[in-house]
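Following: one structure in structure tokens, then a few remarks.
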Amino acid sequence: MKTFYLTTAIDYANGSPHLGHAYEKVLADVIARSKRLLGSPVRFVTGLDEHGQKVQQGAEAEGIDPIQRCDRVAEEFESMLRLLDISNDDYIRTTQERHKKVVAHLLQELHDRGEIYEAEYQGYYSTRAEQFLQEKDKVNGEWPEIFGEVTQITERNYFFRLSKYRDWLVSHLEENPGFIEPAHRQNQVLEFLKEPLNDLCISRPKDRLNWGIPLPFDTDYVTYVWFDALVNYVSAAGFGDPGFEQLWPADLHVIGKDILAPPHAVYWPIMLKASNLPLPARILAHGWWTSSGAKMSKSTGETVDPLSLAERYGSDPFRYFVMREMKVGNDAEFSLERFESRYRADLGNDLGNLVSRLLHMSATYEEGVTPEVGLNEGPEKKIGLLWESTKEEALKFFLEYQFSQGLERVFSFIRGINKYADERTPWKLAKSEAPEDRQALRTCLGTMIEALRLANALLAPVMPSVHASINDRLGLEPCCSWKEDLSWDHRLSGKKLGEKTILFPRDV
RNA sequence: GCCAGGGUAGCUCAGCUGGUUAGAGCGCCGCACUCAUAACGCGGAGGUCGGCGGUUCAAGUCCGCCCCCUGGUACCA
């Protein structure tokens, strides 16, 4: 079985991690964990894009070497990964030798084959945006403020023959409808490709920018942003090493919608095509978090840093929130109110309280051991059927990366377990010595425990720590296979349960 | 201007190929319960499904026009 090779965009080493970075890593992580649970070997890579003018200037402003600054930012991002329980197998940095040699190798090959040529370029250059501007970038005849100071410069540069691949790319997109998800993004890219495509300037003269990978065929230049950054996906896969074919082509690139067109949907496929490398199977473009909530709280003097929520409430509630709230591909509004509502209602009241009441009843009525289930009557049949449909639908959604809808199904099942308790009323049965009541009580607790075990198995990719601690209380190892752990088989009968616990305290 | 997506309960959204009283979660009100993190369960209020017109025995669901929001792109400048 081919290893499922999954990447996120690499973050730019100019600035600190925020909600957008965090969300993308969690999304990719949940996908990676799901694939593992389905039995697929997974290689999950994320990393840091460290070259470029802003990084160089930032370091100069601080009076330190760029690499020192990058080391510090890398530590910041990696500590975010740890905070969020991201299970990446690798962390690639574009300043690493393994990456630089691949960039140089690909550039040299393309140059040798005439895919890269030298030309004089005259244009308007924005230092702030680190790019040449077109006349069309002007607004009302002036350069917009976001570009900062704009100067006209003439210089020789190297260009990659992007334009000649346009028709090829259009037909590739037309023949592979699932290449970009959500589907409407693919249409946008096709729309983008209706316009003429310019060749891509891939160099910057060293006297203007020296913090970059030197062009192998002209060391007066360094490699410009995308030809450096995008290549991380193949260098992290070990391009040139024996194991490369086991990983490449990538199965999924997870990126933000802002870097879909043109970088990931145009430059990258063409770079690969020109290098005779196969294309990734799929690109998933997620949306953005909007934060008028943050503005509001700033005006009230209470600033909410989304990442501090993970520190305060724990990584899993944060992961649950972003996965539940964001419909993949759309934008979502972030607000503290919504976060707290999800935390209190879904996690505390529905799931946490279920764990709590169930462990408590089992301890007091059944000496903390999962009882044998002796009945299979209406209530049991109903919850059993609900599980079957939940399993089927939730898995389908998870496989389509629709985690919001999948989680909705899982929590609907969890509410079903609470309803089931009300139908059997074990607290009443426990007051009776009658054999039929004893049997109903044991059936009820055993059924609830089995149902909780199954719901918890589906939560594993989204809330790995909560999953582990619930399983621990149930006397189980963490779930490692959805093929084996999702069948209703009462495997816990007779097992010792753990102490009652409050998973999601109301006061944090 | 053009392309795509969207406008459904106070909020966030489900509603496939048109078919009885339009659904869920949260919030709100009430009831019940007492195993539980004042939690769980039940019930209720609340929507002329953006607007107008059309097709049909029947439209949130199809067609036309219009308005508004989001993203992309062009032109004017």
Side-chain angles (χ1 to χ4, degrees), chain A residues 134-142 144 180-197 256-262 265-266 285-288 290 292-293 313 317 321 324-366 379 383 393 396-397 402 404-431 441 444-445 448-449 452 499-508:
Chain A
Q134 312 291 319
E135 278 294 326
K136 65 171 186 172
D137 291 322
K138 283 188 179 176
V139 173
N140 299 325
E142 307 220 336
I180 296 165
E181 292 207 43
H184 74 268
R185 296 277 171 214
Q186 182 137 342
N187 295 334
Q188 275 183 9
V189 172
L190 282 166
E191 196 67 22
F192 178 89
L193 288 169
K194 284 180 181 167
E195 298 306 310
L197 208 52
K257 64 180 185 180
D258 57 319
I259 52 172
L260 178 66
V266 179
H286 66 250
W288 282 112
T290 56
S292 67
Y313 290 87
F321 175 78
R324 179 65 184 80
E325 208 67 13
M326 177 76 88
K327 301 271 189 327
V328 169
N330 293 334
D331 291 348
E333 170 80 10
F334 179 89
S335 83
L336 188 58
E337 288 73 23
R338 290 197 72 73
F339 182 89
E340 284 175 343
S341 172
R342 289 288 178 203
Y343 180 84
R344 190 171 2 91
D346 298 6
L347 297 179
N349 296 352
D350 292 344
L351 176 59
N353 183 51
L354 169 63
V355 171
S356 172
R357 71 196 300 206
L358 186 50
L359 288 173
H360 184 262
M361 286 192 285
S362 303
T364 45
Y365 306 152
E366 291 293 330
I383 190 76
E393 290 169 25
K396 180 177 79 71
F397 281 126
Q402 310 285 315
S404 177
Q405 292 94 318
L407 286 169
E408 182 184 297
R409 293 299 192 284
V410 176
F411 272 78
S412 173
F413 177 65
I414 288 169
R415 284 193 298 276
I417 305 174
N418 280 320
K419 283 191 223 292
Y420 168 77
D422 248 59
E423 291 180 48
R424 278 291 184 192
T425 56
W427 47 91
K428 282 182 186 163
L429 298 169
K431 288 170 183 157
L441 171 62
C444 175
L445 294 180
M448 288 178 73
I449 288 167
L452 173 62
E499 291 284 304
K500 171 180 158 177
T501 181
I502 303 294
L503 291 171
F504 308 99
R506 283 183 82 83
D507 303 311
V508 291

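So that the names make sense, note that chain A is the first sequence line, chain B the second, and so on, each numbered from 1.
- Regarding A:Glu340, its CD atom lies at a distance of 16 Å from the P atom of B:C26, rounded to whole Å.
- Under the 4.5 Å side-chain criterion, counting only non-hydrogen atoms from C-beta, A:Arg338 is in contact with A:Phe321.
- Of the P atoms belonging to B:C69 and B:A32, the separation is 49 Å, rounded to the nearest Å.
- Pairing of B:G41, defined by two Watson-Crick or G-U wobble distances under 3.5 Å, is identified with B:C31.
- Residue-level contact check: A:Phe504 touches the bases, meaning some heavy atom is under 4.0 Å from a base atom.
- Only the C1' atoms considered, B:A4 is 45 Å distant from B:G41, to the nearest whole Å.
- Atom CD1 in A:Ile417 sits roughly 11 Å away from atom P in B:G41 (whole-Å rounding).
- Taking every side-chain heavy atom of A:Gln188 into account, B:G71 is the closest of B:C40, B:U12, B:G71.
- Of the candidates B:U37, B:A36, B:U34, B:U34 carries the atom nearest the A:Lys428 side chain, counting heavy atoms from C-beta on.
- With B:G25, B:C35, B:C42 as the candidates, the nucleotide lying closest to the side chain of A:Lys419 is B:C42.
- Note on A:Leu503: a base of the nucleic acid sits closer than 4.0 angstrom, heavy atoms only.
- In the set B:C3, B:G25, B:U37, B:G25 carries the atom at the smallest distance from any side-chain atom of A:Asp346.
- Nucleotide B:C33 holds its P atom 18 Å from the CG atom of A:Asn418, rounded to whole Å.
- Interatomic distance, A:Arg344 CZ to A:Arg506 CZ, rounded to the nearest 0.5 Å: 6.0 Å.
- Where A:Ala345 and A:Arg409 meet RNA chain B, the nucleotide closest to each residue was compared, and A:Arg409 sits on the side nearer the 5' end.
- Relative ring orientation between A:Trp288 and A:His286 is described as perpendicular, the plane-to-plane angle rising above 60° on a 0-90° scale split at 30° and 60°.
- Among the atoms of the strands shown, only primed sugar atoms or phosphate atoms (P, OP1, OP2) are found under 4.0 Å from some heavy atom of A:Lys327.
- The shortest non-hydrogen separation linking A:Ser362 to A:Leu445 is CA-CD1, 4.2 Å.
- For A:Arg344 and B:G27, the shortest distance from a side-chain N or O to OP1 or OP2 is below 4.0 Å.
- Taking the P atoms as reference points, B:G64 lies 36 Å from B:G46, given to the whole Å.
- With both pairing distances under 3.5 Å, B:G5 is matched to B:C69 as a Watson-Crick or G-U wobble pair.
- Here the separation of B:G53 from B:G47, taken at their C1' atoms, is 23 Å to the nearest Å.
- Atom CD1 in A:Ile414 sits about 18 Å away from atom P in B:A39, given to the nearest Å.
- Nearest nucleotide to the A:Lys500 side chain, out of B:G41, B:A36, B:C11: B:A36.
- When the nearest nucleotides of RNA chain B are assigned to A:Gly416 and A:Pro505 by heavy-atom distance, the more 5′-ward of the two goes with A:Pro505.
- When the P atom of B:U12 is taken as reference, atom CZ of A:Phe321 falls 13 Å away, rounded to whole Å.
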request  = Apply salt bridge (Lys or Arg N to Asp or Glu O under 4.0 Å) to A:Lys396 and A:Glu393, showing your working.
outcome  = CA-CA 5 Å; A:Lys396 180 177 79 71; A:Glu393 290 169 25; over 6 Å; no

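- The CD atom of A:Gln186 sits 19 Å away from the P atom of B:C3 (whole-angstrom rounding).
- Atom NZ of residue A:Lys431 and atom OG1 of residue A:Thr425 lie 9.5 Å apart, to the nearest 0.5 angstrom.
- Nucleotide B:C16 holds its C1' atom 13 Å from the CD atom of A:Glu393, rounded to whole Å.
- Across B:C33, B:C26, B:C40, the shortest atom-to-atom separation from the side chain of A:Trp427 is found for B:C33.
- For the OP1/OP2 pair of B:C35 and a distance below 4.0 Å, the side-chain nitrogens and oxygens of A:His360 include no atom meeting the criterion.
- When the C1' atom is compared between B:C33 and B:A14, the two are found 31 Å apart, to the nearest whole Å.
- With rounding to the nearest 0.5 Å, the separation of CZ in A:Phe192 from CG in A:Leu197 is 6.5 Å.
- Nucleotides B:C16 and B:G60 are separated by 13 Å at their P atoms, to the nearest Å.
- Of the candidate nucleotides B:U37, B:A39, B:C35, B:C35 has the atom lying nearest to any side-chain atom of A:Lys431.
- Across all strands shown, B:G64 is found opposite B:C52 as a Watson-Crick or G-U wobble partner, with both distances under 3.5 Å.
- In this structure, B:G19 and B:C57 make a Watson-Crick or G-U wobble pair, each of the two defining distances being under 3.5 angstrom.
- Residue side chain A:Asn349 does not reach the base of B:A39 through any donor-acceptor N/O pair under 3.5 Å, judged by distance alone.
- Remark: the separation of the P atoms in B:A58 and B:C65 is 23 Å, to the nearest Å.
- When the side-chain nitrogen and oxygen atoms of A:Arg338 are compared with OP1 and OP2 of B:C11, none of them lie within a distance under 4.0 Å.
- Going from the C1' atom of B:A9 to that of B:U48 covers 13 Å, rounded to whole Å.
- In this structure, A:Tyr343 and A:Phe504 have perpendicular ring planes: the angle between them is above 60°, well past the 30° mark.
- Among the protein residues, A:Asn187 comes within range of no part of the nucleic acid, since none of its heavy atoms lies under 4.0 Å from any strand.
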